[in-house]
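Sequence positions, counted from 1, serve as the residue numbers for this chain.
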Amino acid sequence: MRGQVWYIAATIGLMCLIRFSLGVFGYAEPQWFMEEIGISLSSNPQLPYAIRAWAIRDIVISVLVVFASKTNVNMLLVGCIAIDFTDIISAYLSGKAGLFDTADGWLLKLASTAIAALILEVGALLVIAIRKTSENVEIEATQTERL
């Protein structure tokens, strides 16, 4: 994220803040996290491990994106988009298969955080692409004027 203009850095920073905060919360207190999203620990005793694995993934991704150079951030954003997209699809398919009690509503909560991060990631990637295209057009115009 280093070297980006302020509005791109702010978008990426907000995405990283969402990922990092939820990751720290999920890693530090997986039982409390489960309680907050409506998952019963007694019916899912193995889930704290899965939540901690997910939390570490999001913490590491956030740190990598924050410290990424301008050239590497695009690939990391593409990776984040792939991860969040598969999280959303997995949550949807699990709900359709009846694996979760829809009355708890936790599926919607998890998918909505992934959707929020996904929107920010796609937005940042689009703005970076638009900015890069306009910079290339300006460079070509400058070169044409010199001829």
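A55 approaches G26 most closely through the heavy-atom pair CB-C, 4.0 Å. Between S21 and L17, the closest heavy-atom pair is OG-O, 2.7 Å.
Between V65 and C80 the shortest side-chain heavy-atom distance falls below 4.5 Å. Side-chain contact check for Q4 versus T11: every heavy-atom pair is 4.5 Å or farther apart. You'll find the side chain of M15 reaches within 4.5 Å of the side chain of L77, heavy atoms only. Between L22 and D58 the shortest side-chain heavy-atom distance does not fall below 4.5 Å.
Note: the hydrophobic cluster containing L120 does not contain I130 (ILVMFWY, side chain heavy atoms under 4.5 Å, direct or indirect links). When hydrophobic clusters are built by joining Ile, Leu, Val, Met, Phe, Trp and Tyr residues whose side-chain heavy atoms come closer than 4.5 Å, directly or via intermediates, V122 is grouped together with V5.
Note that the CG atom of L76 and the CD1 atom of I61 stand 8.5 Å from one another [nearest 0.5 Å]. Atom CD1 of I59 sits about 12.0 Å away from atom CG of L64, to the nearest 0.5 Å. R57 CZ to Y27 OH: the interatomic distance, rounded to the nearest 0.5 Å, is 15.5 Å. In this structure, CG on D84 lies 9.5 Å from CD1 on I115, to the nearest 0.5 angstrom. From I83, atom CD1 reaches atom CD of E121 across 8.5 Å, with rounding to the nearest 0.5 Å. Here the CD1-OG distance, from I12 to S62, works out to 12.0 Å after rounding to the nearest 0.5 Å.
Under 3.5 Å, the side chains of D87 and S90 contain no donor-acceptor pair of N or O atoms.
The environment of CZ in F25 is crowded: more than 12 heavy-atom neighbours from other residues, nucleotides or ligands sit within 6.0 Å.
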